[in-house]
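Step one of this worksheet: look at the structure below.
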Amino acid sequence: MKQLLRFQPARDSAFRRELRARANAYLAGAHTDRFGDWRVYAKATFLAVLTALLYVLALSTASTPVFVAAYVGCLVAAMALAMNTLHDAAHGAVFRHGLLNRLLIRLVALPVGVDTDFWTIRHVHFHHPYANVEGHDLDTEPNPFLRQTPFQRWSPQYRYQHLYWPVVAALSLPYLNWYGDWLDRFGKTPVAANSRLQGWSGWLSFLGWKLGHVALVLALPLWLLQAHIGWGVVLGAYLLGQMLASCVLVALILGTHWAGVEFFQPQADGSLPHDWCQHTFYTACDWTPQPRALSHLGYWLGGLNLHLTHHLFPTWSHRHYRALAHIIADLAPQHGLAYRNLTYRQLHASQQAFLRAMGQPPANH
């Protein structure tokens with residue numbers, strides 16, 4: 001059982017009080033709420049229709065190149081749909097009613113393949129409260145491929161992690177689908193113990209959705225296209241689509257917790273020397289697409305490029321992130337907090353510098 005982690009109390013934080021007051025004033029002035037609106041729903045509908053049309057095209061062609069292009073495009077579009085809906089819904093930020101958020105998560109995740117119960121626990125209950133805290137943030141757990149914190153053991157292969165990390169990024173989604181989720185289900189990680197679905201009901205839910213994913217993205221295409229498209233092409237296109245979708249997501253998001261940030265180990269009593277708001281500034285950053293012609297890219301990323309903003313306001317729809325980021329940028333310097341909003345070029349450079357630094361053997365090695 002992991003040690004209980006404790007931040008310093010933030011109740012009396014002047015920054016926290018002013019931030020919440022400014023954010024609430026923004027909502028009141030805009031006559032709106034923190035949830036999604038028709039624009040979010042319209043974008044989700046467009047991405048859902050695009051995913052469905054590409055899927056139908058893939059299943060109705062006799063041409064191998066057309067099938068591969070449409071099928072891979074379908075999986076990438078499904079990931080874009082998940083980024084814009086599943087992520088917000090996991091935080092209860094799309095609809096007011098929790099049941100609608102949970103239903104949306106399940107439907108959107110079907111072509112992606114992840115078990116949403118486990119992913120939500122991993123993301124909401126481990127990563128968000130404990131970002132970059134050794135032994136608590138499951139996204140930075142030790143592994144043989146990436147050394148992500150200065151507290152982890154070093155191995156010679158890490159010297160080259162700045163070169164091969166895109167391969168790791170591309171394989172992250174297949175790994176989660178076909179290995180990580182199963183580790184969770186068999187109780188080999190801290191995730192399963194926090195699940196609402198235990199025992200046989202948990203297994204039936206898990207296997208049902210995994211079989212649903214296989215039926216949708218593999219069994220149906222293999223059956224309908226057997227006269228025209230070989231099974232190896234279908235399996236190859238599936239792997240390629242998952243890898244491309246995974247690489248795009250990880251490349252655009254993961255650096256926000258690597259770029260010029262800090263990593264922490266709890267003290268002996270499980271405490272950290274700062275409050276949770278301060279921790280967010282120490283462990284994340286925002287980035288904005290440049291030049292201006294690319295400024296709308298963040299819209300299609302579900303606002304995840306404004307990642308520090310998301311960590312401060314996880315239960316708010318991403319439609320508010322740009323306005324919230326301006327509020328944070330204004331308030332943070334007044335309270336001695338460094339708000340960073342990078343370009344993607346700066347983010348990538350910092351990410352590479354981080355991977356190189358973590359790839360070098362420690363001085364006492």
Greater than 12 external heavy atoms within 6.0 Å of His125's NE2: yes

Ring centroid separation His318 to His91 under 6.0 Å: no

What side chain to side chain donor-acceptor pair (under 3.5 Å) pairs are there with at least one residue in residues 61-70, not counting sequence neighbours? none

Over all atoms of both residues, closest heavy-atom pair of Gly302 and Tyr321: O-CE1, 4.3 Å

Does any N or O in the side chain of Tyr71 come within less than 3.5 Å of the main-chain N or O of Leu59, such that one atom is a donor and the other an acceptor? no

Between the side chains of Asp88 and Lys43, is the shortest nitrogen-to-carboxylate-oxygen separation below 4.0 Å, so that they form an ion pair? no

Would you say that Asp286 contacts Tyr339 through its side chain, given a criterion of any heavy-atom pair below 4.5 Å between the two side chains? yes

Would you kindly say whether Asn177 and Gln242 are connected by a side-chain donor-acceptor distance under 3.5 Å? yes

What's the spacing between Leu19 CG and Arg22 CZ if we round to 0.5 Å? 8.5 Å

OG of Ser60 to CG of Leu225: how many Å apart, nearest 0.5 Å? 8.5 Å

Show the nearest heavy-atom pair for residues Glu134 and Pro142, with the distance to one decimal. OE2-CG, 4.2 Å

Under a single-linkage definition using a 4.5 Å side-chain heavy-atom cutoff for Ile, Leu, Val, Met, Phe, Trp and Tyr, are Val49 and Val108 assigned to the same hydrophobic cluster? no

Looking only at side chains, do Gln148 and His257 share a donor and an acceptor under 3.5 Å apart? no

Output all residues satisfying side chain to side chain contact (heavy atoms under 4.5 Å, CB included) with Trp209, sequence neighbours left out; order by chain, then residue number. Arg106, Leu110, Ser205

For Val40 and Phe35, what are the C-alpha separation, side-chain angles and deciding distance, and is it a side chain to side chain contact (heavy atoms under 4.5 Å, CB included)? CA-CA 9 Å; Val40 172; Phe35 302 99; over 6 Å; no

Which of these passes ring-ring contact (aromatic ring centres under 6.0 Å, His included) with His136: Phe7, Tyr130, Phe126? Tyr130

Should Ile328 and Phe281 count as side-chain neighbours, where that means a heavy-atom distance under 4.5 Å? yes

Would you please indicate yes or no on a ring centroid separation below 6.0 angstrom for Phe206 and Trp182? yes

Does Tyr282 have any ring pair (Phe, Tyr, Trp, His ring centres under 6.0 Å) partners at least two apart in sequence or in another chain, and if so, which? His274

If you count heavy atoms of other groups shown closer than 6.0 angstrom to OH of Tyr41, is the number above 12? yes

Pair His128, His123: side-chain N/O donor-acceptor within cut-off below 3.5 Å: yes

When you measure from the side chain of Thr32 to the backbone of Ala28, do you find a donor-acceptor pair of N or O atoms at a distance under 3.5 Å? no

Do Met79 and Val248 make a side-chain contact, defined as non-hydrogen atoms from C-beta onward lying under 4.5 Å apart? no

Nearest heavy atoms of Val112 and Ala82, plus distance in Å: CG2-CB, 4.1 Å

Please answer whether the main-chain N or O of Ala259 pairs with a side-chain N or O of Ser350 as donor and acceptor at a distance below 3.5 Å. no

Under the criterion side-chain hydrogen bond (donor to acceptor under 3.5 Å, both in side chains), I'd like the reasoning laid out for Glu18 against His335: C-alpha separation, chi angles, the key distance, then a yes or no. CA-CA 10 Å; Glu18 291 184 43; His335 297 272; 3.3 Å; yes

When rounded to the nearest 0.5 angstrom, what distance separates CG in Leu224 from CD1 in Ile229? 11.5 Å

Determine, stepwise, if the pair Arg96 / Asp33 fulfils salt bridge (charged side-chain N to carboxylate O under 4.0 Å, His left out). CA-CA 10 Å; Arg96 288 179 176 274; Asp33 55 40; 3.0 Å; yes

Minimum side-chain heavy-atom gap Tyr55-Thr51 below 4.5 Å: no

Distance only, no hydrogens: is a donor on one side chain within 3.5 Å (strictly under) of an acceptor on the other, for Thr309 and Arg322? no

Taking atom types as modelled, find out whether Gln352 and Trp165 have a side-chain donor-acceptor pair closer than 3.5 angstrom. yes

Is there a donor-acceptor pair closer than 3.5 Å between any side-chain N or O of Asp137 and the backbone N or O of Val133? no

Decide if the gap between the ring center of Tyr164 and the ring center of Tyr160 is smaller than 6.0 angstrom. no

Would you indicate whether the side-chain heavy atoms of Asn341 and Cys285 approach each other to under 4.5 Å? no

Is any side-chain heavy atom of Trp119 less than 4.5 Å from a side-chain heavy atom of Leu86? yes

Are Val66 and Val72 co-members of a hydrophobic cluster defined by side-chain heavy atoms under 4.5 Å apart? no

Do Arg20 and Phe313 meet the cation-pi criteria used here (NZ or CZ under 6.0 Å from the six-membered ring centre, within 45° of the axis)? yes

Any chance you could measure Asp269, atom CG, to Leu5, atom CG, to the nearest 0.5 Å? 10.0 Å

Heavy-atom count check: over 12 atoms from other residues, nucleotides or ligands less than 6.0 Å from Phe145 CZ? no

Measure the spacing between SG of Cys74 and CG of Leu216 and express it to the nearest 0.5 Å. 7.5 Å

Is the number of heavy atoms from other residues, nucleotides or ligands within 6.0 Å of CH2 (Trp231) greater than 12? no

Quick one: does Tyr158's side chain get under 4.5 Å of Gln360's, heavy atoms only? no

Any chance you could measure Thr140, atom OG1, to Asn132, atom CG, to the nearest 0.5 Å? 6.0 Å

Please check if the distance between the ring centroids of Phe263 and Phe354 is under 6.0 Å. yes

Is a side-chain N or O of Lys210 found less than 3.5 angstrom from the main chain of Gly113, in a donor-acceptor match? yes

Can you check whether Gln157's main-chain N or O pairs, donor with acceptor, with Ser155's side chain at less than 3.5 Å? no

Minimum heavy-atom distance between Asn84 and Ala80, given as atom pair plus value: ND2-O, 2.8 Å

On a heavy-atom basis, which atom in Pro289 and which in Asn305 lie closest, and how many Å separate them? CD-ND2, 3.8 Å

Heavy-atom pair of closest approach, residues Ser246 and Ala169: OG-O, 2.5 Å

Those residues at least two apart in sequence (or on a different chain) that pass side chain to side chain donor-acceptor pair (under 3.5 Å) with His213 are Tyr238

Any heavy-atom pair between the side chains of Trp287 and Gln346 that's under 4.5 Å? no

Apply side-chain hydrogen bond (donor to acceptor under 3.5 Å, both in side chains) to residues Arg102 and Thr116 and explain how you reach the verdict. CA-CA 9 Å; Arg102 290 192 294 273; Thr116 54; over 6 Å; no

Pairs meeting criterion salt bridge (charged side-chain N to carboxylate O under 4.0 Å, His left out) with involvement of residues 147-173, two or more places apart: none

Looking only at the aromatic ring of each residue, does the gap between the centers of His310 and His320 stay below 6.0 angstrom? no

In short, salt bridge (charged side-chain N to carboxylate O under 4.0 Å, His left out) pairs touching residues 112-131 with sequence neighbours left out are Arg122-Asp184

